[in-house]
*Asks:* 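Quick one: the structure is below, questions incoming.
Residue numbers run from 1 in the order of the sequence given.
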Amino acid sequence: MLIRVMGATGSGKSTFINLVSGSDLAVSDSLKSCTSQVQSARSFELSGRSITLVDTPGFDDTLMSDTDVLNMIAAAYLVDRYEQGIKLSGVIYMHRITDRRVGGMSIRNFSMLRKLCGDDTLKNVAIVTNMWNQESKERGIIREQELKTDNLFFKPVMDRGGQMLRHDNTVQSAQDIVSHFVKRNPMPLRIQRELIDEKKDIADTEAGVVLQGELADMQKKHREEIDAIRRDMEKALADKDEQTSKELQQARSELERQLQAVQDEKERLSREYRELKDRADKQIRKLEAENRAEQEARRRAEEEMAKIDPRGGLKPNKLPRKKSEGFLSKIERFFKKPRS
C-alpha cells in the first residue's frame, strides 16, 4: 500500500510518518520547511499489509517555488508510479486543530490537493487533525465542526466520501488512521490520468491551470504597480523632485525584476517538467536494463547448475542467491537523490 501525506508547512506530516513507520525523516520545529523532496518512509506491516507513506513538500514551501513542488510531485513521483502500474491507496492531509483561523496558505494547499486528486478520488482522502493536546477539547470540537461544514474548508471532501479523523499523537492513533485505508481500492489521481492517459502538458492540468492563473494574477498586480509608479515619477519630474524620482525609479526596477521572475516561473513549469520527466525515464530504463541483465545472469547460472550431477553438485533450487536490491528500491533511491 502506498499512501501520500500532504499538508501545510509545520502541520506535522513528517512527525506523523516517523511515529507510525519508525522512520527518521527530518522534522521542523519552525515555519521553515524540512521536506524539500519527495521522501518515502520505511515500509512497515499493519493489518497484514506492507505500507509505505510518502512525505511531500507543501505548496507553501520555504525552500522551493510552487513550480518546483508541482514538478517534483508530478514528474518525480506520481507519474512514474502510475506508469509502473502503482496506484495510491489514499492521501492523508494533515491540519493543525490549533489554527484559530484557516489562513490563505492552508486553503491554497488544500485547493491544490483537490486539483491533484480530482473529485472521484476524494473518497480516498483522510483529513487528519492533530495537536489536540495543545487546544481545549471544547474549542477543538467547535473548530472541527466548522471545518467539516464550511464549503471554503473541508466540506467538499466530506460530501464526496472523504473522512475527517483525529490524531492524538500516539502510535495507536496513527495506526488506526493508516488502517482506515486498508480496505480502500487504490485509485489514480486526476493529475496522473491527465499527464499519462490524456497526455496533457503539465501547464494544462487542473493543478497547472491554477498555478498559472495565480502567476498571471501576480503579473497583473506587478504591471499595475509599475504603471502607478510611472505616473508618480512623471509628477516628481514635473515638480523637479529628484530624491522622490530616484526612490521611485528604484522601486520600479525592483517591480520589473519581480515581474520578470514571475514570467520566468510561468515558462519554467512545462519546460522543467519535461526535463525532469526525461531524466526520470532514462534512469528507469537504465534500472530496467540492469534488472533484466541480473535476471538473465541468474537464469544462465541456474542452467549451468542444472547440468551438474544432482548426487555430487548443487540442485537448481539450492543455488546460492546473491542478495540484490529490488527494482522498485532502486527507483526509490534515485528519486531521493538531491537535485542540482
*Asks:* Are any non-hydrogen side-chain atoms of Asp176 and His180 less than 4.5 angstrom apart?
*Replies:* no
*Asks:* Following the transitive rule for hydrophobic clusters with a side-chain heavy-atom cut-off under 4.5 Å over Ile, Leu, Val, Met, Phe, Trp and Tyr, establish whether Val209 and Met112 coincide in one cluster.
*Replies:* no
*Asks:* Mind listing the closest non-hydrogen atom pair of Met164 and Lys148 along with its distance?
*Replies:* SD-CG, 3.2 Å
*Asks:* Between Arg300 and Glu303 (salt bridge meaning N to carboxylate O under 4.0 Å), is one present in this structure?
*Replies:* no
*Asks:* Whether the Glu254 and Gln250 side chains hold a donor-acceptor pair (N or O, under 3.5 Å, no angle test) is what I'd like checked.
*Replies:* no
*Asks:* Between the side chain of Arg49 and the main-chain N/O of Val182, is any donor-acceptor distance below 3.5 Å?
*Replies:* yes
*Asks:* Listed by chain and number, what are the ring-ring contact (aromatic ring centres under 6.0 Å, His included) partners of Phe181, not counting sequence neighbours?
*Replies:* none
*Asks:* Check the hydrophobic clustering (I, L, V, M, F, W, Y; side-chain heavy atoms under 4.5 Å; chains of links allowed) and say if Met6 and Ile86 are grouped together.
*Replies:* yes
*Asks:* With a 4.5 Å cut-off on side-chain heavy-atom distances among I, L, V, M, F, W and Y, is there a chain of contacts connecting Ile177 to Leu19?
*Replies:* no
*Asks:* When you measure from the side chain of Arg96 to the backbone of Gly10, do you find a donor-acceptor pair of N or O atoms at a distance under 3.5 Å?
*Replies:* yes
*Asks:* If you measure from NZ on Lys200 to CZ on Arg193, what distance do you get to the nearest 0.5 Å?
*Replies:* 10.0 Å
*Asks:* Side chains of His167 and Ser173: any donor to acceptor distance under 3.5 Å?
*Replies:* yes
*Asks:* Go through it in stages, so that I can follow the logic: the residues are Phe16 and Ile92, the test is side-chain contact (heavy atoms from CB on, under 4.5 Å), and I'd like the CA-CA distance, side-chain angles, deciding distance and then a yes or no.
*Replies:* CA-CA 10 Å; Phe16 175 86; Ile92 293 173; 3.8 Å; yes
*Asks:* Is there side-chain contact between Val5 and Tyr93, with at least one heavy-atom pair below 4.5 Å?
*Replies:* no
*Asks:* Give, for atom OG of Ser21 and atom CG of Asp55, the distance between the pair rounded to the nearest 0.5 Å.
*Replies:* 10.0 Å
*Asks:* Would you say the side-chain atoms of Ser23 and Asn18 include a donor-acceptor pair closer than 3.5 Å?
*Replies:* no
*Asks:* Between Asn124 and Ser89, which heavy-atom pair has the shortest distance, and what is it?
*Replies:* ND2-O, 3.7 Å
*Asks:* Do you know which two heavy atoms are closest between Gly12 and Asn130, and how far apart they sit?
*Replies:* CA-ND2, 4.0 Å
*Asks:* Which atom pair, heavy atoms only, marks the closest approach of Ser40 to Val54?
*Replies:* OG-CG2, 4.1 Å
*Asks:* Could you go step by step and tell me if Glu234 and Arg230 meet the salt bridge (Lys or Arg N to Asp or Glu O under 4.0 Å) rule?
*Replies:* CA-CA 6 Å; Glu234 290 173 353; Arg230 178 181 53 77; 3.2 Å; yes
*Asks:* Quick check on side-chain contact (heavy atoms from CB on, under 4.5 Å): which of Leu189, Val157, Val91 does Leu113 satisfy it with?
*Replies:* Val91
*Asks:* Measuring only between side-chain heavy atoms, which start at C-beta, is Val20 closer than 4.5 Å to Gln175?
*Replies:* yes
*Asks:* Search all heavy atoms of Thr56 against all heavy atoms of Lys13 and return the closest pair with its distance.
*Replies:* O-CE, 3.3 Å
*Asks:* Is the ring centre of His95 less than 6.0 Å from the ring centre of Phe154?
*Replies:* yes
*Asks:* Between Gln295 and Arg299, is a side-chain contact (heavy atoms from CB on, under 4.5 Å) present by the stated rule, with each step listed?
*Replies:* CA-CA 6 Å; Gln295 292 176 345; Arg299 184 188 65 78; over 6 Å; no
*Asks:* Among the clusters formed by ILVMFWY side chains lying less than 4.5 Å apart, do Met131 and Ile127 turn up in the same one?
*Replies:* no
*Asks:* How about Arg143 and Glu135: do any of their side-chain heavy atoms sit closer than 4.5 Å?
*Replies:* yes
*Asks:* Hey, are the side chains of Leu88 and Met187 touching, using non-hydrogen atoms and a 4.5 Å cut-off?
*Replies:* no
*Asks:* With rounding to the nearest 0.5 Å, note down the distance linking CG in Asp227 to CG in Asp232.
*Replies:* 11.0 Å
*Asks:* Determine, using ring centers only, whether Phe110 and Phe153 are less than 6.0 Å apart.
*Replies:* no
*Asks:* Under a 4.5 Å cut-off applied to non-hydrogen side-chain atoms, are Asp119 and Arg114 in contact?
*Replies:* yes
*Asks:* Are Phe44 and Ile51 side-chain neighbours, meaning at least one heavy-atom pair lies under 4.5 Å?
*Replies:* yes
*Asks:* Give the intermediate values and the outcome of side-chain contact (heavy atoms from CB on, under 4.5 Å) for residues Ile226 and Ile229.
*Replies:* CA-CA 5 Å; Ile226 289 171; Ile229 287 177; 5.7 Å; no
*Asks:* Any heavy-atom pair between the side chains of Val178 and Ile3 that's under 4.5 Å?
*Replies:* yes
*Asks:* Is there a donor-acceptor pair closer than 3.5 Å between any side-chain N or O of Lys87 and the backbone N or O of Pro188?
*Replies:* no
*Asks:* If we count only N and O atoms by modelled type, under 3.5 Å, do the side chains of Ser43 and Ser50 hold a donor and an acceptor together?
*Replies:* no
*Asks:* How would you list, by chain and number, every residue that makes a side-chain hydrogen bond (donor to acceptor under 3.5 Å, both in side chains) with Arg252, sequence neighbours excluded?
*Replies:* Glu256
*Asks:* Mind listing the closest non-hydrogen atom pair of Ala41 and Thr52 along with its distance?
*Replies:* O-CG2, 3.7 Å
*Asks:* Closer than 3.5 angstrom, by distance alone: can the side chain of Glu194 be matched with the main-chain N or O of Glu206 as a donor-acceptor pair?
*Replies:* yes
*Asks:* When rounded to the nearest 0.5 angstrom, what distance separates NZ in Lys137 from CD1 in Ile97?
*Replies:* 13.0 Å
*Asks:* To the closest 0.5 Å, what do you measure between CG (Asp204) and CD (Glu198)?
*Replies:* 11.0 Å
*Asks:* One thing to verify: whether Lys155 and Asp150 come together as a salt bridge, which I'm taking to mean a side-chain N less than 4.0 angstrom from a carboxylate O.
*Replies:* no
*Asks:* One pair to check against side-chain contact (heavy atoms from CB on, under 4.5 Å): Glu83 and Ile196. What are the steps and the verdict?
*Replies:* CA-CA 8 Å; Glu83 287 180 326; Ile196 301 302; 3.4 Å; yes
*Asks:* Quick one: pull up CD1 in Ile142 and CG in Leu147 and give me the separation to the nearest 0.5 Å.
*Replies:* 12.0 Å
